[in-house]
Amino acid sequence: MEMTSLADLLDVQDLDLQIDRLLARRQSLPELDAYKDAHEREQELTAEIMTAAGELKTLELEFDKSEGELQILEAKLTEHETRLFAGGMSARETEHMRLEVQSLHGQQEALEERVLAMLERLDPAREHVAGLEARREATIQEKAGHETSIKSEWKLIDAELARKEERKAEALVPVPPDLVEMYETLRRSKEGVAIGRFEHGVCGGCHMTLSPAEQNEAFQADIPRCVHCRRILVA
Ligand SMILES: [Zn+2]
């Protein structure tokens with residue numbers, strides 16, 4: 001094996017490690033967490049709005065219905081009272097009508113109280129829905145801000161990645177394919193470091209010392225490899 005190929009492979013690994021770091025940074029931008037956080041809050045608010053808007057709708061329908069009932073009741077009262085004032089009924093009829101009017105007045109009072117109570121609940125319910133909608137709108141804006149940041153960061157990282165990939169492809173040209181294959185396989189099982197510089201009797205991959213006998217054994221092979229970690233060694 002030509003030593004220059006191994007030296008080229010060392011360059012490839014250096015680039016691969018830089019690529020790994022860029023990819024890790026791409027996936028761990030703080031804005032990504034912030035975006036996820038905002039997205040979850042938006043979904044929670046959407047659910048809250050649905051519940052609150054549903055409750056408001058029910059309240060509004062109840063209010064309209066009670067108001068309608070009140071109108072009918074008031075019309076009936078007016079009619080009865082008009083007849084009472086007009087007179088011309090028998091004493092029994094008059095007494096019956098008087099009691100009826102009294103009862104209607106009672107019903108009217110109770111219904112008015114209910115309508116008023118509902119009216120008092122309506123405004124806070126509308127404000128609650130509006131408040132939630134404002135919070136959701138702010139969250140959507142916040143999300144959009146994070147999205148813009150993420151996109152511009154990714155653009156920079158991707159441009160840097162493309163440069164590194166290009167340089168890696170150039171560095172790989174002189175390296176024999178079987179060596180590249182061994183390198184890729186080792187990289188997968190050795191936390192990204194497949195090849196190490198051998199300096200002062202120490203493996204640059206696992207940092208363990210090789211005895212003179214082990215060094216002889218390692219460097220007699222076509223592709224020198226550390227006896228401890230099996231990484232490729234470059235003298
Ligand atoms: Zn080693």
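Each ligand, and each atom within it, is numbered from 1 in the order the structure gives.
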Side-chain ion pair, E60 and R126, N-O less than 4.0 Å: yes

So, R98 and E95, do they make that salt bridge, N to O below 4.0 Å? yes

Answer yes or no as to whether an N/O/S atom of H228 is found below 2.8 Å from the Zn ion (ligand 1). no

Going by atom types only, do E100 and H96 share a side-chain donor-acceptor pair under 3.5 Å? no

Test: K151 and E147 ion pair at under 4.0 Å: yes

Give a rough value, rounded to 10 degrees, for the angle at the Zn ion (ligand 1) between atoms SG of C226 and SG of C229. 110°

Angle, SG of C203 through the Zn ion (ligand 1) to SG of C206 - 10° precision: 110°

